[in-house]
Amino acid sequence: DSKSIYFTSQKHLYSNLYKIDLSGKYETIVEGKYITNIMLDKSGDNIYCFNQDLNNPSEINKIILKSKNIFKLTNFNDSILVNINLNSLEEFIFAGANGTKVQGFMVKPAYFDKNKKYPLVLLIHGGPQGAWTSSWSYRWNPQMYASNGYVVACINPRGSTGYGQKFCDEISGDWGGKAYIDLMKGVDYLINNYSFIDKEKIAAAGASYGGYMVNWILGHTNRFKCLISHAGVFNLESMYGTTEELWFPEYEFKGTPWNNPNMYSKFSPHKYVKNFKTPTLVIHGELDFRVPISEGIQLFTALQRKGIPSKFLYFPDEGHWVQKPQNLKLWFDTIFEWLNSYLQ
């Protein structure tokens, strides 16, 4: 009737469905799910959508608007997943930088035994205006790490979406600041509150901004046994001159390298190479125009020249993401070979 709009919006780990009318009054239709791709039917009584979660890829669902009930209509993945041991996510909240509440979730290893000790892998999301959510991924899927015997931690530090605009904005101009503290305090929280985590065996991995944070970690702490940096920003000045997304560094670092050099210098991981000690797997694609291949090569060169155990996985036919199935298999195999060599 052209009097209302239905829309989805992220809140914490979920993508909820809402309705708002012309006066600005809104109501929650479905929450605690990860709803996307909504379509209102001609009657106006039902919405069809995708619904997914950490353990299940998208399936088509029907939402009856009058009752707000949701029903699964397709079962494309059930026969594949029925024999796979997948643990559900477990949410946790801790005090991050300046005492601000920060949320994360943990996934326990397949066939979890509370009497055993398990290594911990911290996964760091990209963006940095992004978030770990209760959704399915074909690349950075926490269940893949859990299936290899690791406790997986996914933390939404400063800059993450779904926690209000202020929380999201606090990353800009502060890439290595509060977000780094949030992540380290999150690791502290986990090892201090869960006795099944082996605090001597911790690794971190991330891509894009997550890769940046891994590179930042390299220069600021030696607490991790090994690291994985995929498509990570290493030298803020050189990336500024090569990225296709030029507006982004100008927004994030409040200008150009020549107008605001102090910020580019302060938060550039390459300025802290003298502190590097942790074994690091570097991954990059030749066709990455967002964070060009030169960033990965510079990082790997620094690690090699310092004599730090390191490996470079190079994809001549991939960009910012690894998307080809055989390449993705190599990606996972290389990652777990690296993690296993330091954590098992």
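The model shown is predicted, which means the values in this text are computed figures rather than measured ones. These numbers come from the heavy atoms of this one structure, side chains and all, not from hydrogens, waters or symmetry mates.
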ILVMFWY cluster membership beyond I80 - transitive side-chain contacts under 4.5 angstrom: none
Going by chain and number, the hydrophobic cluster around Y6 (ILVMFWY, side chain to side chain under 4.5 Å) further includes L17, I29, V30, I35, I38, L40, I47, I63, L65, I70
Do [X] side-chain atoms and [Y] backbone N/O form a donor-acceptor pair below 3.5 Å?
| X | Y | answer |
| --- | --- | --- |
| N156 | V102 | no |
| T74 | F76 | no |
| N75 | D78 | no |
| Y118 | D113 | yes |
| T8 | S15 | no |
| R158 | D174 | no |

With K108 via salt bridge (charged side-chain N to carboxylate O under 4.0 Å, His left out) - residues at least two apart: E90
Which residues pass the salt bridge (charged side-chain N to carboxylate O under 4.0 Å, His left out) test with D317, sequence neighbours left out? none
Suppose we call two aromatic rings close when their centres sit under 6.0 Å apart. Are [X] and [Y] close by that rule?
| X | Y | answer |
| --- | --- | --- |
| W140 | W331 | yes |
| F253 | Y240 | no |
| Y34 | F50 | no |
| H12 | Y163 | yes |

With a cut-off of 6.0 Å (strictly less than), are more than 12 heavy atoms of other residues, nucleotides or ligands near [atom1] of [X]?
| X | atom1 | answer |
| --- | --- | --- |
| K329 | NZ | no |
| K277 | NZ | no |
| K116 | NZ | no |

Side-chain heavy-atom pair [X], [Y] within 4.5 angstrom cut-off:
| X | Y | value |
| --- | --- | --- |
| V291 | Y212 | no |
| P279 | W338 | yes |
| D53 | S135 | no |

Single-linkage hydrophobic cluster, 4.5 Å side-chain cutoff, L330 and L339 together: yes
Between I84 and M144, is there shared hydrophobic-cluster membership here, with clusters defined by ILVMFWY side-chain heavy atoms closer than 4.5 Å? no
Partner of W175 under ring-ring contact (aromatic ring centres under 6.0 Å, His included), chosen from Y251, Y209, F267: Y209
May I have all residue pairs that pass side chain to side chain donor-acceptor pair (under 3.5 Å) and include part of residues 183-194, sequence neighbours excluded? D188-R223
For K201, all residues meeting side chain to side chain donor-acceptor pair (under 3.5 Å), sequence neighbours excluded: none
Among V214, L281, L122, whose side chain to side chain contact (heavy atoms under 4.5 Å, CB included) with L227 holds? V214
Run the salt-bridge test on K225 and D198 with the 4.0 Å N-O cut-off and return the result as yes or no. no
